[in-house]
There are 2 protein chains.
Amino acid sequence: MVLARLILGLLCLSPMTGYELKKHFDSSINHFWNADKAQIYRTLAQLVDKGYATVRTVPQSNYPDRQEHHITEAGREVLTQWLSAGPVESPERDPFMGQVFFAAELEREDIEQLLVKRREATQFILDDYLSQREGIDMRAAADRRSFLMAATLDNAIRQQAAQLEWLDAVLEYLP
Amino acid sequence: MVLARLILGLLCLSPMTGYELKKHFDSSINHFWNADKAQIYRTLAQLVDKGYATVRTVPQSNYPDRQEHHITEAGREVLTQWLSAGPVESPERDPFMGQVFFAAELEREDIEQLLVKRREATQFILDDYLSQREGIDMRAAADRRSFLMAATLDNAIRQQAAQLEWLDAVLEYLP
DNA sequence: CAAAATTGGGTGCAAAATCAACTAACTGTG
DNA sequence: CACAGTTAGTTGATTTTGCACCCAATTTTG
């Protein structure tokens with residue numbers, strides 16, 4: 001459900017192949033969603049089935065044909081309806097917090113190691129997001145679209161930063 | 001996979017029925033995981049199948065028999081192995097951020113409404129977490145288990161608070 | 001020059017998750 | 001007294017997701 005909407009959103013920005021969609025999920029959008037490519041291709045097929053997108057085969061000289069997917073009017077409607085229907089509630093799922101919740105089964109040192117390793121991973125992700133943000137032209141953020149896109153990245157940065165602070169606090173006060 | 005480990009973790013705290021597990025997912029653990037009850041019962045059956053848990057039928061006078069699930073030694077090992085294997089990477093999925101990312105398709109007022117509604121929902125969740133934390137005996141948090149459990153709730157609180165701040169910033173600077 | 005990555009697409013299968021019922025007895029509330 | 005809620009568990013169908021493959025040509029890298 002969500003994936004279909006996100007793909008419609010991307011196709012709304014510009015027509016794309018499944019391959020290019022996967023690129024977006026891995027880079028520009030990786031801070032709030034990811035998707036398996038098999039899933040992307042299948043969802044694309046569904047969208048075409050329902051008339052929310054159309055395919056145009058564009059031959060290329062050296063590389064395989066591009067199956068360019070274009071959003072239709074019906075697709076645009078579905079997207080705006082999703083956006084207008086109010087904020088979706090996210091399920092609130094964090095397996096790492098599960099590990100912390102039950103970490104008392106481990107020795108103190110092992111718990112510390114778990115937290116330290118997580119700290120490293122979080123720092124790594126944060127650095128990635130920060131370098132992504134550097135690549136954003138701030139003058140372009142004057143228009144609403146760019147502003148909102150940059151804002152989601154800012155949120156991801158805040159979340160990771162908050163987690164870093166939390167990890168440090170837990171490491172400091174762990175009995 | 002994760003669900004099976006979390007159930008093992010809960011069974012580690014005390015033997016439980018599927019019904020009681022569901023209660024935990026809905027209350028004490030709802031800040032980092034949720035689960036459908038059908039899924040809980042099926043996963044429980046798998047755990048028994050694999051020898052990670054055993055069932056003891058406890059008859060009751062008025063209510064249906066309790067299918068009390070007890071964790072086995074093998075189950076405990078699986079749990080500690082999961083915890084020792086290092087922090088699991090979470091997929092980073094937030095459908096609401098997807099809505100914000102593509103919200104430029106809407107009118108300015110509708111975008112604001114989306115953000116304001118989300119703000120309300122976030123405040124509501126935050127208040128829930130805060131009242132949960134009030135119920136935690138801080139003297140009990142001196143032992144490691146209680147400390148870690150309380151810590152995961154603190155993390156959820158920080159995340160929600162960070163999101164509130166972010167929402168306010170976006171609402172303020174939205175072009 | 002060989003090995004790996006890129007471009008572009010796809011299949012099959014299994015596990016995980018969700019939705020919606022259905023059973024059945026008891027308990028509390030208006 | 002009727003109706004809603006609680007306790008306890010189960011089944012079936014469908015969707016979603018993830019993993020592991022497969023194809024083929026080109027281009028880059030060691």
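Naming convention: chains lettered A, B, ... in sequence-line order (proteins, then strands); numbering from 1 in each chain.
Aromatic ring pairs are classed by plane angle as parallel below 30°, tilted from 30° to 60° and perpendicular above 60°; the pair B:Y129 and B:H31 is perpendicular.
Within 4.0 Å (heavy atoms only), A:A38 reaches at least one base atom of the nucleic acid.
Taking atom CD of B:Q39 as the reference point, atom P of D:dT10 lies 16 Å away to the nearest angstrom. One atom, CG of B:D26, and another, P of D:dT7, lie 12 Å apart when rounded to the nearest Å. The nearest whole Å value for the distance from the CD atom in B:E20 to the C1' atom in D:dT6 is 13 Å. Look at OH on A:Y41: it is 17 Å from C1' on D:dT17, rounded to the nearest Å. We find that CG of A:N34 is positioned 11 Å from C1' of D:dG18, with the value rounded to whole Å. Protein atom OH of A:Y19 is 18 Å distant from nucleotide atom P of D:dA24, rounded to whole Å. In this structure, the NE2 atom of B:H69 is 13 Å from the P atom of D:dA8, given to the nearest Å. Atom C1' of nucleotide D:dA25 and atom CD of A:Q60 are separated by 12 Å, given to the nearest angstrom.
Protein chain A contacts DNA chain C from C:dT6 to C:dT18, reading 5' to 3' and using non-hydrogen atoms of the protein with a distance under 4.0 Å.
With the nearest nucleotide of DNA chain D identified for both A:P64 and B:K23, B:K23 has the one nearer the 5' end. Comparing A:D36 and B:R42 along DNA chain D, the residue whose closest nucleotide (by nearest heavy atom) sits nearer the 5' end is B:R42.
Not a single donor-acceptor pair, N or O on each side, falls under 3.5 Å between the base of D:dG18 and the side chain of B:R93.
Proximity of A:I157 to A:L126: side-chain heavy atoms (C-beta onward) are separated by under 4.5 Å at one or more points. Put simply, the side chain of B:L44 does not reach to within 4.5 Å of the side chain of B:Y52, judged on heavy atoms.
Between A:Y173 and B:F147, the distance separating the two ring centers is not shorter than 6.0 angstrom.
With hydrogens and angles ignored, the 3.5 Å screen pairs a side-chain donor or acceptor of B:E20 with a backbone N or O of B:T17.
Side chain to side chain, B:R5 and A:Q99 fail the donor-acceptor criterion of an N or O pair below 3.5 Å. B:T152 and B:N155 share no side-chain donor-acceptor pair at under 3.5 Å.
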